[in-house]
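Worksheet for the structure shown next.
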Amino acid sequence: MPAIMSLCSSTKSVLFTIQEPVIEKQETLGEVLNGDRLMSSLYKLKFAKDKTHVTLRRKRLKSSDIAMFRDAIAQDYYFQMYYDDLPLWGFVGKSEGDYLGQKEKLTKYYLFSHLKFNVLYNADEVVEINSFSDPSYLVDISEDTEIDVQFTYSVTWNLTSKLSATRMNKYSQASLHPISQKIHLFSFLNSITVVVLLVGLLFLLFVRHLKNELRSCSIGDEEEKKEVGWKLVHSDVFRSPRNISLLCAFLGTGTQLLILIIALFALAFTGFLYPYNRGMLLTSLVIIYTLTSIVAGYTSASFHNHFEGTKQKRKVRLAGILYPVPFFIVVSVLNTVAVTYGATAALPFGTIVIIILIYTFLNIPFLTLGGFLGNRFGLLEFQPPTAIKRNPREIPLQNWYRRKLYQVFLGGFVPFSAVVLEWHQLYASLWGFKIYTSPGMMLFTFVVLIFLSASVGIILTYIQLSGEDHEWWWRSILCGGFTAIFMYGYGVIFYLRSDMTGFLQLSFYLGYTALLCYALFLVLGTISFLASWMFIRHIYRSVKLE
C-alpha cells in the first residue's frame, strides 16, 4: 500500500516531490474543501514485509531545489504522510549554527536522505506506524551547488497485542498531556464557578423577587399592582415585533445550526468522527446542513404562523439566504485570494459547481418542504393572555443598567467568561494544528454556554420589562448572540499572539473565524430568544390566572 504525503509547517504547506510525474490521490469532497492536495509517494510498504535500505530514487538537486529545501528547514517544515488512514510525521532536515565572535553566524543545513518506518500490526490489521529520519544519513545543502542525492528507506514490521480498535488512542493522548489537563481542569472549574454564581443570582434574587411580585398581584390592592413595572406593559409585550420575516428566518437558521452542532457531537461520540479522519468533518457538515434545511424552513414558517396567523403569506426564502449568502460571499473572496497566491486552499471549479448544485437541487427543495410542513402542521396562531392596544405604550427614559448597550455587553460577557479557556483550545486546534480529542469536554462547555445564554437572556429581559420597555424581541437575540462578538474579538487576540503572517493567512483566519462566530451568533441568539419567550409567556399567564 503506497503512503500519501504532504509537506507543511505550523502555518504553511507546500509540496516537494522527488517523483515525476506527481500522482495525485482521488480526494473526497471534504478533503478538497479542507485544502488537502495529497500525493501518492514512492514508498511501498507491503504488509509484514521488512525492507532495509531500499533506494527510493536518485535525484539531482538543482540550486533552486536546494534553496527551497533550505527555506523549509529554516522554517521547521515537516512532512505528513498517511498509511491506512494513520498519520505519521517527520522533519525534512536540520540546521546547525556556529557563532564566531558573537557577530557572524554561520548556519549549516542538512537534508535527511534516509527514512525509517516502524509498523505495528495485529493479525491482518495495521495498529500503529511511526517514521524516523535517520541522523546518520545527512546531505549538506548549505551551498548553492548542484548535488546528487540518493533517497532511501527501511521498513520494520513488528507483531503487537494491541487491538486495532485502540489504534487512535495514541493520538488522543495529546489531550491527556499535563498542560492540556490543567487547561481543561481550569476551564471546567471556571465554567462551574460562573454557572453557580449565576444560578445563585437567579434563584436568590430573581425568582424570589418575581414570586413576591406575583403574590402581591393576587393579594394586594390596585395601588400595589401598579408598582410592578413589567405588569404595566402587558398590553404591548406580545405586540408583533418589527421585521417579523427576518426574525422568523433568524430563528429558523439558528435552530438549523443548533441541530447541526448536536448532530456533529453525536457523530463524534459514536466514533464516526475521529482525529485525522481526513475531510470527514467537512463532508458531514455539508450533508447535515443540507438535510437540516427542512428544519430551517419548518421553524421559520411555523413561527411566522405563530405570530401572524393567516393574515400574511409566510415565506421561508430569508431562512435560505441568512447564512448561505454571507458564507458564499466570504468564501468567494477568500478563494480569489487563494488563487492569487496559488495555494491549495483554492477550490477547484468542479468543486464550486458541485456545491452550487447541492444548494440549488437539495437545500432549496428541503427548505421549501420544511416551509410547507410548517404552514400545515406548525404552531397555531398565538393568543396573548391580555388584549393588545392599538397604539404602543411610550417607553420611559431608562436607567443606565437597563439600556441596550449595557445589557448586550453583559449578555455576551457572562457566557464568554465561562467558556473562554475551552474556546482558546478550539482556536489552537483549528489554526494551530493542535490535536483536539476531548469531545466530552467540548460538549460540557457547549451545554454550559447554552444554559448561560438562556439564563442571562431571561434575567436581562426581566430587567428590561421591569423598566416598562416592551421592545424585548430583538434585544433578547442581541444579548444572547453578542457572546459570539466576544469570541471573534478573542480570535483577533489569538491571531496577534500567533506566528501566522502574511495577507493570505490573515484573510483566511479572519474570514473563516467570522463565519464560525456568525453561526454561533445565530445559535446563541435563537436560544436566548426562545428562553425569554417561554419566560414571558409563563409570567403573564400566571398573572392572568391570579
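The analysis underlying the following values was restricted to heavy atoms, covering all of them including side chains, and did not include hydrogens, waters or symmetry mates. No experiment lies behind these values; they were computed from the predicted model shown.
Of all heavy-atom pairs between R60 and D65, the closest is O-OD2, 4.3 Å. Shortest non-hydrogen contact noted between T107 and S142 is O-OG, 4.2 Å. Between M81 and S41 the shortest heavy-atom distance is SD-OG, 4.4 Å. Summarising the geometry of A249 relative to L318, their closest heavy-atom pair is CB-CB, 3.4 Å, with the distance given to 0.1 Å. Counting all heavy atoms, side chain and backbone alike, L347 lies closest to N335 at N-OD1, 2.5 Å. Annotation for F250 and T526: closest pair O-OG1, 3.6 Å, computed over non-hydrogen atoms.
Two rings, from F409 and F482, have their centers 6.0 Å or more apart. Aromatic rings of W431 and Y509 (six-membered ring for Trp) have centroids within the 6.0 Å cut-off, being under it.
T292 places a side-chain N or O within donor-acceptor distance of the main-chain N or O of I288, the cut-off being under 3.5 Å.
At most 12 heavy atoms of other shown residues, nucleotides or ligands fall within 6.0 angstrom of atom CD in E143.
A side-chain donor-acceptor contact under 3.5 Å links T55 and Q150. Between the side chains of N363 and T290, at least one donor-acceptor pair of N or O atoms lies under 3.5 Å.
In summary, D140 and K108 engage in a salt bridge, as defined by a charged side-chain N under 4.0 Å from a carboxylate O.
Relative ring orientation between Y512 and F508 is described as tilted, the plane-to-plane angle lying within the 30° to 60° band.
Here the side chains of S133 and L115 are in contact, with some heavy-atom distance below 4.5 Å. In this structure, V331 and L515 have side chains that are in contact, with non-hydrogen atoms separated by less than 4.5 Å.
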